[in-house]
Trainee: 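Take a look at this one; I'll ask things after.
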Number of protein chains: 2
Amino acid sequence: MTAVEQDRNISSSFAKGLAVLAVFDAAAPSMTLAEIARRTGQDRATARRGALTLVQAGYLRQDGRMLSLTPRVLALAGGFLQANQFGRRVQPVLNRHARQMEIEVTLAMLDQGRVLLLAQSTVDHGHITYGFTAGSHIPLAHTSLGRMLLAGLPEEEAAAVLAETGIPCHTSQSLTDPAAILERVAQAREQGYCLTDSEFEAGITGYAVPVSRPGQTPIVAGCSAPRGRQPQADAERLLRGLQLCAAELRQAEAVDHL
Amino acid sequence: MTAVEQDRNISSSFAKGLAVLAVFDAAAPSMTLAEIARRTGQDRATARRGALTLVQAGYLRQDGRMLSLTPRVLALAGGFLQANQFGRRVQPVLNRHARQMEIEVTLAMLDQGRVLLLAQSTVDHGHITYGFTAGSHIPLAHTSLGRMLLAGLPEEEAAAVLAETGIPCHTSQSLTDPAAILERVAQAREQGYCLTDSEFEAGITGYAVPVSRPGQTPIVAGCSAPRGRQPQADAERLLRGLQLCAAELRQAEAVDHL
DNA sequence: CGGGTCTGTGCGAATGCTGCACACAATGTT
DNA sequence: AACATTGTGTGCAGCATTCGCACAGACCCG
């Protein structure tokens with residue numbers, strides 16, 4: 001902008017516009033122009049142009065003064081999902097195992113210091129639905145998915161990621177000391193699975209296992225359930241199920257080049 | 001650009017960049033720079049800057065000379081899905097009815113002359129999986145979803161949309177005369193449901209019913225299955241199931257402001 | 001080996017963007 | 001009711017950015 005000459009191969013106005021699109025998330029599903037400007041750190045006029053461009057392109061809609069995403073953004077994700085054959089190679093596997101385990105199964109990866117949900121089984125069970133969907137972000141430090149993902153990284157890298165993101169506190173049981181969390185991560189790396197209990201939602205236990213092969217971008221599968229009467233037995237059963245699911249995904253090479 | 005003065009509130013370089021992101025679809029999951037330039041109608045240098053910006057932002061990845069979408073694009077869709085509580089209000093309903101009907105149920109809307117799939121249940125049945133996911137596009141003219149969507153539009157508007165998009169031909173049974181298709185659309189409007197047989201995939205029958213209330217943006221639910229022994233009975237059963245599903249979605253106001 | 005296609009880059013020109021400042025509308029606070 | 005606050009639309013001048021072309025080299029293919 002001012003001092004350093006920007007890379008001439010990068011379009012700064014495009015990048016700013018993308019930032020506008022990306023600012024819409026679960027916490028702020030619909031915002032006013034001024035709010036967008038604040039959250040993107042852009043000048044109001046700039047944010048306005050970005051937003052209006054998005055409206056014209058059909059990705060944003062304007063209700064009075066509120067702006068919100070339109071369903072068309074799904075088409076962007078659709079390109080990715082179809083390219084990787086998620087509908088054929090990933091979703092059916094998740095569904096099958098989910099049904100067998102009678103619990104929702106989630107596939108996830110790292111994204112900007114958070115856990116990005118890639119896919120989720122859509123099986124009708126009696127239990128609670130948490131309302132997360134593909135494309136949702138959940139925290140890294142206090143979920144089994146997050147810790148298992150960190151475990152897929154080299155140790156220093158995991159520490160770096162964790163340090164960058166900061167550690168919120170969701171429940172009274174959330175670990176707050178980075179070292180303690182890294183301890184659990186290391187444990188997960190050795191064991192080949194990860195359990196967390198009540199650190200993100202009270203009373204809920206999370207289970208996760210790796211899917212990607214060592215060295216690849218970490219991908220994990222997991223599930224979560226209210227803590228039951230026999231935690232041991234539950235854990236064994238669910239982890240076994242997740243391992244089977246992960247093995248099948250690995251074998252199908254369904255998630256190799258993400 | 002040249003003749004008309006562009007609206008000063010629209011950022012043209014941002015719009016061009018978005019076009020780059022949007023060219024990636026099922027038909028072209030990974031492309032070379034030159035191909036992107038061709039398909040977007042942009043100068044190669046322009047397309048290149050757009051693509052590189054997307055790479056820097058993490059939405060595109062570069063493998064050698066091929067560019068492809070990264071999972072991060074899912075996060076964009078995630079914002080929409082969470083904002084509209086799809087995970088809580090839509091998906092469970094679809095899943096439940098799908099399980100009861102023992103068939104996949106799809107929710108869809110219009111998008112640029114095509115059918116945009118918004119959500120899809122996936123029961124774990126023995127049948128084929130078509131591999132479509134939320135965010136996929138399917139044709140308008142020869143699917144029950146598409147015709148039912150057209151039926152949700154005023155008659156002239158439906159005709160206009162249909163005229164704009166052109167009419168491909170997928171199977172020997174595909175109707176090719178716009179008037180004949182509009183005939184079926186009108187029929188669907190009157191009946192409140194739509195059936196198609198073998199017009200998109202040979203031997204497959206499609207079923208669709210409206211979900212949105214009249215006057216709103218059309219949203220429909222549908223399913224498809226190989227033609228069975230008792231087409232009549234199948235149709236009755238499936239349409240009844242879809243109607244129930246649609247009614248429940250309507251009542252939950254799950255899709256009111258899309 | 002040669003034609004075709006693809007990529008990276010440099011550069012001048014002009015255009016498109018930026019950010020500020022002002023006027024006004026809407027909201028909500030005392 | 002009047003005020004304070006927050007949001008919105010617009011104009012403008014200057015400058016950084018982006019555009020599009022053209023060239024050189026890499027790569028692929030028959």
Side-chain angles (χ1 to χ4, degrees), chain A residues 1-25 27-57 59-70 83, chain B residues 1-25 27-70 83 257:
Chain A
M1 308 286 232
T2 51
V4 194
E5 170 144 354
Q6 276 270 65
D7 185 343
R8 292 179 64 77
N9 297 330
I10 299 293
S11 165
S12 67
S13 40
F14 179 26
K16 288 181 193 175
L18 279 176
V20 171
L21 186 58
V23 99
F24 289 85
D25 65 353
S30 105
M31 318 169 66
T32 167
L33 268 179
E35 204 171 350
I36 295 175
R38 245 179 289 127
R39 289 173 68 115
T40 58
Q42 299 175 0
D43 187 272
R44 280 214 325 284
T46 303
R48 181 167 182 269
R49 277 185 283 268
L52 289 180
T53 305
L54 284 166
V55 168
Q56 195 198 247
Y59 294 109
L60 236 49
R61 166 214 342 231
Q62 203 164 10
D63 286 327
R65 59 185 41 188
M66 298 311 269
L67 293 156
S68 52
L69 294 171
T70 70
Chain B
M1 314 280 230
T2 51
V4 194
E5 170 143 356
Q6 275 270 66
D7 186 343
R8 292 183 58 77
N9 298 330
I10 300 293
S11 165
S12 67
S13 39
F14 179 26
K16 288 181 193 175
L18 278 176
V20 170
L21 186 57
V23 285
F24 289 86
D25 65 353
S30 102
M31 319 169 68
T32 168
L33 268 179
E35 205 171 347
I36 295 175
R38 244 179 291 128
R39 290 173 69 115
T40 57
Q42 300 175 0
D43 185 90
R44 280 216 327 285
T46 304
R48 181 167 182 270
R49 274 186 285 270
L52 289 181
T53 306
L54 285 167
V55 169
Q56 194 198 246
Y59 293 110
L60 235 49
R61 164 217 335 242
Q62 203 164 9
D63 286 327
R65 58 185 44 186
M66 298 312 268
L67 292 156
S68 53
L69 294 171
T70 71
H257 28 161

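The model shown is predicted, which means the values in this text are computed figures rather than measured ones. Labels below follow one simple rule: chain letters A, B, ... track the order of the sequence lines, proteins then strands, and each chain is numbered from 1.
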Trainee: Has Ser12(B) got a side-chain N or O lying under 4.0 Å from the OP1 or OP2 atom of dT15(C)?
Mentor: no
Trainee: Select one nucleotide: of dC17(C), dC21(D), dT18(C), the one nearest the side-chain heavy atoms of Ala45(B).
Mentor: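 Among the listed nucleotides, the one closest to the side chain of Ala45(B) is dC21(D).
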Trainee: For Lys16(A) and dT17(D), what is the distance between atoms NZ and C1' respectively, to the nearest whole Å?
Mentor: 10 Å
Trainee: Write out all pairs satisfying side chain to side chain donor-acceptor pair (under 3.5 Å) with one or both partners inside residues 42-54 of chain A, taking only residues at least two apart or from two chains.
Mentor: Arg48(A)-Asn9(B)
Trainee: Can you list the residues that meet the side chain to side chain contact (heavy atoms under 4.5 Å, CB included) rule with Glu35(B), with sequence neighbours excluded?
Mentor: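 Glu35(B) satisfies side chain to side chain contact (heavy atoms under 4.5 Å, CB included) with Met31(B), Thr32(B), Arg38(B), Arg39(B) only.
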Trainee: Just to be sure I understand the geometry, which residues of residues 33-42 of chain B put a non-hydrogen atom under 4.0 Å away from DNA chain D?
Mentor: none
Trainee: So if I define the base as every atom that isn't primed, P, OP1 or OP2, how would nucleotides 24-30 of chain D read as a B/S/- string at a heavy-atom cutoff under 4.0 Å?
Mentor: ---S---
Trainee: When you check the phosphate oxygens OP1 and OP2 of dT8(D), does a side-chain N or O of Thr32(A) lie under 4.0 Å from one of them?
Mentor: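 Result: yes.
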Trainee: Considering only side-chain heavy atoms of Thr46(A), which listed nucleotide, dT18(C), dC17(C), dT9(C), is closest?
Mentor: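 It is dT18(C).
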Trainee: Given dG9(D), dC20(C), dC19(D), which nucleotide is nearest the side-chain atoms of Ser13(B)?
Mentor: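 Looking only at heavy atoms from C-beta outward on Ser13(B), the closest nucleotide is dC19(D).
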Trainee: Going by the rule side chain to side chain contact (heavy atoms under 4.5 Å, CB included), which residues pair with Gln56(B) if we only count those two or more places apart in sequence or in a different chain?
Mentor: Ile10(A)
Trainee: Given axes from five pairs at either end, by how many degrees does the helix from dC1(C)-dG30(D) to dT30(C)-dA1(D) bend, rounded to 10°?
Mentor: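 Nearest ten degrees gives 60° for this helix.
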Trainee: Is the shortest heavy-atom distance from the side chain of Tyr59(B) to the side chain of Leu69(B) under 4.5 Å?
Mentor: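 Answer no - side chains too far apart.
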